[in-house]
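Bear in mind the structure is a predicted one, so any value in this text is a computation, not a measurement.
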Amino acid sequence: MILIFSDDNDRTTIEVIRWIVSMDKKFIHVHENEAFEIKVYNKKFFLESHRTKFFLDDISSVWYRRGGLKFRRLQYNNPSINIHMNEAQHWLEDYVIKTIESKKHINKQSNCHVNKLLVLEQAKKIGLDVPTYFLAENTDDVPLGKTIIKSITGNVILDDIDEDTDGIMYTTIVEKKEKDSFYITFFQEKIEKDFEIRVFYLNGKCLSMAIFSQNDKQTQTDFRKYNHEKPNRNVRYNLPADLEEKIHLLMKDLDLNCGSLDFIKNENTYYFLEVNPVGQFANVSYNCNYSIFKKIAHYL
């Protein structure tokens, strides 16, 4: 039985499930609003939510897309008993999660989010080229027009940032000095690019796509500012073998067997930017005919 964790109505998950169904594989899809109670039937762990139930032993492989396994804890009136039972339930939950992660899997709940600063440090140790970066609380020493600012928390989407409005924190160029100080912010050298590269990594194999975003002012700094009227050209791309080997070493060190990595190519140098274990890869699959959804379903 395949166990799948994802957000509700995630299109990527739906595409993979279609392939799983066509392969006549059994699966359970855990939605983001589910909370499970741990039980024991016939001396076996049994998990049950308002819509899903399964024996832990019946799970053969796991795809952690997004979301995760959440638990519903029992509460007790006596404070002392409640503290003791909270600890007991914690260790049962810990056992369940670690048992699930010990099975054949694509990604894990425990490391679905990575620390950008630690990733960049590890990338440099492995020998990947990384644009110069630093943290600062002001722009006093920031070279204008040559420095970008970006979040260290991943691809940020701010729900209801303003009334009836959502917002995305894009990568931007620092064009002017700020008078006041601000919270610790990530700054990075702006690299002039020939093109960008999105790499989808799965179990040692790199599937890469070149994104020609540099000739469009709208997408020059951040290709996610999609120009739907005149989309960027996206084509298959073969990375040098030594670069693919470094990617494999990085993912191994991060204990990741799947993820989306971003690079910038400048002449003969490939600059590593970041890795997102649960990043989007549908565009890589569609534009380059990689059949990634089928590959994931087949592996599971």
Does any N or O in the side chain of Lys103 come within less than 3.5 Å of the main-chain N or O of Ile59, such that one atom is a donor and the other an acceptor?
-> yes

For Lys177, does the NZ atom sit with more than 12 other heavy atoms under 6.0 Å from it, leaving out its own atoms?
-> yes

Check whether any side-chain heavy atom of Ile264 sits under 4.5 Å from a side-chain heavy atom of Tyr270, and report yes or no.
-> no

Heavy atoms, side chains only, cut-off 4.5 Å: are Ile100 and Leu69 in contact?
-> yes

Between Arg73 and Glu37, does at least one N-O distance fall below 4.0 Å, as a salt bridge requires?
-> no

Side-chain contact test, heavy atoms from C-beta onward, threshold under 4.5 Å: evaluate it for Asp262 versus Asn276 and give yes or no.
-> no

Can you tell which of Val16, Thr12, Ile20 makes a side-chain contact (heavy atoms from CB on, under 4.5 Å) with Ile296?
-> Val16

Test side-chain hydrogen bond (donor to acceptor under 3.5 Å, both in side chains) applied to Ser260 and Gln280, step by step | CA-CA 7 Å; Ser260 296; Gln280 297 290 355; over 6 Å; no

Determine whether Ile191 and Ile197 fall in the same hydrophobic cluster, where Ile, Leu, Val, Met, Phe, Trp and Tyr are linked whenever their side-chain heavy atoms lie under 4.5 Å apart.
-> no

Got Leu202 and Leu207 here, is their nearest side-chain heavy-atom distance under 4.5 Å?
-> no

Option from Asp8, Asp7, Thr52 for which side-chain hydrogen bond (donor to acceptor under 3.5 Å, both in side chains) with His31 holds | Asp8

Answer with yes or no whether the side chains of Tyr201 and His248 bring together a donor and an acceptor at under 3.5 Å.
-> yes

Count the heavy atoms belonging to other residues, nucleotides or ligands that lie under 6.0 Å from NZ of Lys98, then report whether that count exceeds 12.
-> no

Compare all side-chain heavy atoms of Leu261 with those of Met251 and state whether any distance is below 4.5 angstrom.
-> yes

Considering only heavy atoms from C-beta outward, does the side chain of His105 approach that of Asn257 to under 4.5 Å?
-> yes

Start with the C-alpha distance between Phe195 and Phe263, add both sets of side-chain angles, then the distance that settles ring-ring contact (aromatic ring centres under 6.0 Å, His included), and finish with yes or no.
-> CA-CA 9 Å; Phe195 50 84; Phe263 288 82; over 10 Å; no

Trp63 and Phe281 aromatic ring geometry - parallel, tilted or perpendicular at 30°/60° bounds = tilted

Tyr64 reachable from Ile292 in the ILVMFWY side-chain graph, under 4.5 Å edges | no

When you look at Phe55 and Phe46, which way does the ring-ring contact (aromatic ring centres under 6.0 Å, His included) test go after all the steps?
-> CA-CA 4 Å; Phe55 282 102; Phe46 184 78; 4.8 Å; yes

Test item: Tyr290 side-chain N/O and Phe293 main-chain N/O as donor-acceptor pair under 3.5 Å = no

Is the centre of the Phe45 ring less than 6.0 Å from the centre of the Tyr95 ring?
-> yes

Interatomic spacing from CG in Asp57 to NZ in Lys43 - rounded to 0.5 Å | 13.5 Å

Within a reach of under 6.0 Å around CG of Asp242, are more than 12 heavy atoms found that belong to other residues, nucleotides or ligands?
-> yes

NZ or CZ of Lys193 within 45° of Tyr271 ring axis and under 6.0 Å = no

Could you tell me whether the side chains of Thr13 and His29 share a donor-acceptor contact shorter than 3.5 Å?
-> no

Quick check: are there more than 12 heavy atoms from other residues, nucleotides or ligands sitting under 6.0 Å from CG of Asp94?
-> yes

So is Lys150 actually on top of Phe186's ring, under 6.0 Å and inside 45° of the axis?
-> no

Distance only, no hydrogens: is a donor on one side chain within 3.5 Å (strictly under) of an acceptor on the other, for Gln188 and Thr132?
-> no

Can you find a heavy atom in the side chain of Asn111 that is under 4.5 Å from one in the side chain of Leu254?
-> no

All salt bridge (charged side-chain N to carboxylate O under 4.0 Å, His left out) counterparts of Lys108, not counting sequence neighbours = Asp255

Salt-bridge present (Glu196, Arg198; N to O < 4.0 Å) | no

Please check if atom CZ in Arg11 has more than 12 non-hydrogen atoms from other residues, nucleotides or ligands closer than 6.0 Å.
-> no

Indicate the atoms forming the closest heavy-atom contact of Leu239 with Glu244, along with that distance.
-> CB-CG, 3.8 Å

Taking atom types as modelled, is there a side-chain donor on Gln122 or Asp253 under 3.5 Å from an acceptor on the other?
-> yes

Between Glu48 and Lys39, is there a salt bridge with N-O shorter than 4.0 Å?
-> yes

